[in-house]
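Letters go in sequence order (proteins before strands), and every chain restarts at 1.
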Number of protein chains: 2
Amino acid sequence: MITAHLHKLRQRTHVSADEEQAIRNSVAETRSVPAGRVMVRCGEPLSHSVMLLEGWMARVKDLEGGARQVTELHLPGDFVDLHGFTLKRLDHDVVALTDSTVGLVPHGRLREITERLPRLGRIYWFMTNVDAAITRELVLSLGQRSAISRMAHLFCEICRRLEIVGRGTEHGCDFPLTQRELSECLGLTVVHVNRTLQELRRRALVELENRQLTIRDRAGLEALAEFDPAYLYLDQHRL
Amino acid sequence: MITAHLHKLRQRTHVSADEEQAIRNSVAETRSVPAGRVMVRCGEPLSHSVMLLEGWMARVKDLEGGARQVTELHLPGDFVDLHGFTLKRLDHDVVALTDSTVGLVPHGRLREITERLPRLGRIYWFMTNVDAAITRELVLSLGQRSAISRMAHLFCEICRRLEIVGRGTEHGCDFPLTQRELSECLGLTVVHVNRTLQELRRRALVELENRQLTIRDRAGLEALAEFDPAYLYLDQHRL
DNA sequence: GCCCCGATGTAACTCATGTGAATCCCCCTC
DNA sequence: GAGGGGGATTCACATGAGTTACATCGGGGC
């Protein structure tokens with residue numbers, strides 16, 4: 001269950017047996033979460049962090065008029081609120097997009113890790129910095145990329161991130177979001193998401209049907225998106 | 001010189017005498033940097049982090065066609081690339097927007113801090129997480145706020161952040177960006193920045209002249225922006 | 001088998017923002 | 001004080017994306 005998380009870490013750096021044991025011991029409890037549930041609520045005091053074992057979640061920020069923006073999508077193996085360990089409360093909600101399974105990690109255990117296994121502490125610091133890099137790339141998308149390039153970029157990113165945890169291939173992956181949720185990720189309206197999706201299909205780049213993403217022309221898609229995975233920091237790091 | 005940085009930290013948490021000493025000792029060298037210089041270049045291997053002592057800098061990401069997006073503005077007291085300590089290379093450039101002074105902090109000394117002063121390590125982890133929160137708020141702006149609300153939000157944020165380090169008041173602050181740079185922060189064209197600026201002036205909310213920002217109606221500005229400073233985490237934290 | 005309801009698909013029209021110039025205005029320099 | 005250059009401003013026009021309104025599809029409940 002926790003293997004996705006370990007895959008994700010080992011993609012980026014060595015994890016010793018000691019460190020792996022500490023990670024396993026850090027999960028105090030696992031829980032099922034139904035789709036739609038608010039897993040972590042904006043502003044509430046936090047005493048543990050949530051490791052996503054199975055399913056998809058999203059960090060969302062709302063505006064008064066009802067507008068909603070997804071700030072980051074979370075896939076199996078991600079900590080959805082590791083930053084909550086130092087921040088102690090979040091500036092956004094975390095909601096389950098699908099039925100999910102999570103592991104709860106008490107902040108006390110994370111704190112011990114920073115005291116007893118400073119290297120593992122740096123690994124987790126690193127992982128929050130990778131989250132931040134993903135968010136910066138989204139800023140670039142929202143600020144400068146056209147709707148179609150933006151959507152292409154999201155597909156490239158998600159598929160690549162799923163590959164790492166053994167849930168996607170170069171030809172596609174599960175993609176359980178509705179067009180409404182997709183629109184909240186991309187800063188577009190549902191109608192325009194629909195148009196853009198059709199344009200991607202018309203250009204024979206991707207197909208999205210039945211919550212399944214099929215990539216027909218990966219090179220073409222990545223070119224359209226100007227996708228460069230460097231910001232995911234997928235190579236090995238000394239930490 | 002380093003006082004802005006200490007102010008910024010002490011706004012958020014207690015810093016002991018020991019910790020303060022470690023911070024002061026961490027700066028190996030100070031340097032002057034002219035406006036326009038690329039301080040840290042995307043992708044280059046890093047061996048130290050840069051603390052901004054005086055002046056403004058920006059993290060920028062470029063697209064092939066020449067489009068450029070600022071992902072975060074940096075003010076005196078900020079580390080511009082503390083995340084580089086764990087990432088080892090950046091996914092963006094850092095450029096000086098004004099003549100600046102910086103302190104260089106070798107990664108070795110940061111590493112020692114995580115080993116010998118784990119609490120100070122957590123404080124710095126916390127600070128990178130605050131940077132990430134600022135970036136998330138920008139995602140919300142770019143994805144959902146209108147041009148005028150987006151610009152109002154930026155003014156609210158910058159002024160508040162400058163107040164903390166003693167360089168702004170509730171009535172305004174220095175604002176040395178050109179309209180082009182402003183457009184790169186907001187994901188707008190220069191022309192539309194100009195229009196929007198005039199609309200803000202017409203509504204008697206702010207005035208921007210001679211690189212000086214004057215806030216005429218703070219409550220009105222914050223309402224227009226839906227500005228809630230919670231995401232800056234300005235209260236005291238136990239770390 | 002039928003009804004609901006959410007998700008998806010389409011079309012027509014509107015509007016915020018982008019494009020591409022031209023002009024103006026300082027401020028600097030020679 | 002003539003010339004130059006970057007920034008600011010303005011205008012006319014183009015367009016990508018939003019809005020509104022409806023039609024269709026498809027699965028789940030009864």
Quiz item: Can you check the B/Glu209 CD to C/dC27 C1' distance for me, whole Å?
Solution: 17 Å
Practice problem: Go through D/dA17, C/dT10, D/dC11 for me and flag the one nearest to the B/Val191 side chain. | Solution: D/dC11
Self-check item: Spacing of A/Leu197 atom CG relative to C/dA7 atom P, expressed in whole Å
Solution: 15 Å
Exercise. May I have the distance from A/Arg150 (atom CZ) to D/dG16 (atom C1'), rounded to whole angstrom?
Key: 10 Å
Quiz prompt | Per A/Leu188 side chain, nearest of listed nucleotides D/dT9, D/dG18, C/dT17 | solution = D/dG18
Quiz item: Between B/Gln212 (CD) and D/dG7 (P), how many Å, whole number?
Solution: 19 Å
Quiz item: For the side chain of A/Arg195 and the base of D/dG16, is some donor closer than 3.5 Å to an acceptor across the two?
Solution: no
Self-check item: Options D/dT10, D/dA17, C/dT19, nucleotide nearest the side-chain atoms of A/Ser146
Solution: D/dA17
Quiz item: CG of B/Leu97 versus C1' of D/dG6: gap in Å, rounded?
Solution: 16 Å
Practice problem: Return the value, rounded to whole Å, for the distance between atom CE of B/Met151 and atom P of C/dA16. | Solution: 16 Å
Quiz item: Any ion pair linking B/Glu199 and B/Arg202 (charged N to carboxylate O, less than 4.0 Å)?
Solution: yes
Practice problem: Can you tell me the distance, in whole Å, between the CG atom of B/Leu177 and the P atom of D/dG6? | Solution: 19 Å
Quiz item: Given D/dT19, D/dA17, D/dT9, which nucleotide is nearest the side-chain atoms of A/His192?
Solution: D/dA17
Self-check item: Closest to side chain of B/Asn194, choosing from C/dT17, D/dT9, D/dA17
Solution: D/dT9
Exercise. Rounded off to whole Å, could you give me the CG-to-P distance for the B/Leu200 and D/dT9 pair?
Key: 13 Å
Quiz item: So, is A/Gln179 close to the C/dG6 phosphate, meaning a side-chain N or O under 4.0 Å from OP1 or OP2?
Solution: no
Quiz item: Which nucleotide in the set C/dG9, C/dT19, C/dA7 lies at the smallest distance from any side-chain heavy atom of A/Arg201?
Solution: C/dG9
Practice problem: Determine the sole option in B/Thr135, B/Thr71, B/Asp91 for which the side-chain hydrogen bond (donor to acceptor under 3.5 Å, both in side chains) test with A/Arg136 is passed. | Solution: B/Asp91
Exercise. If the plane angle is over 60° it's perpendicular, under 30° parallel, otherwise tilted; pick one for B/Phe79 and B/Tyr124.
Key: perpendicular
Self-check item: Nearest to side-chain heavy atoms of B/Gln198, which nucleotide of D/dT9, D/dT19, C/dT17
Solution: D/dT9
Quiz item: Would you call B/Asp235 and A/Arg89 a salt bridge, using N to O less than 4.0 angstrom?
Solution: yes
Practice problem: May I ask you to say whether B/Glu137 pairs ionically with B/Arg145, meaning some side-chain N is under 4.0 Å from a carboxylate O? | Solution: yes
Self-check item: Toward the 5' end of DNA chain D, by each residue's nearest nucleotide, B/Val190 or A/Gly187
Solution: B/Val190
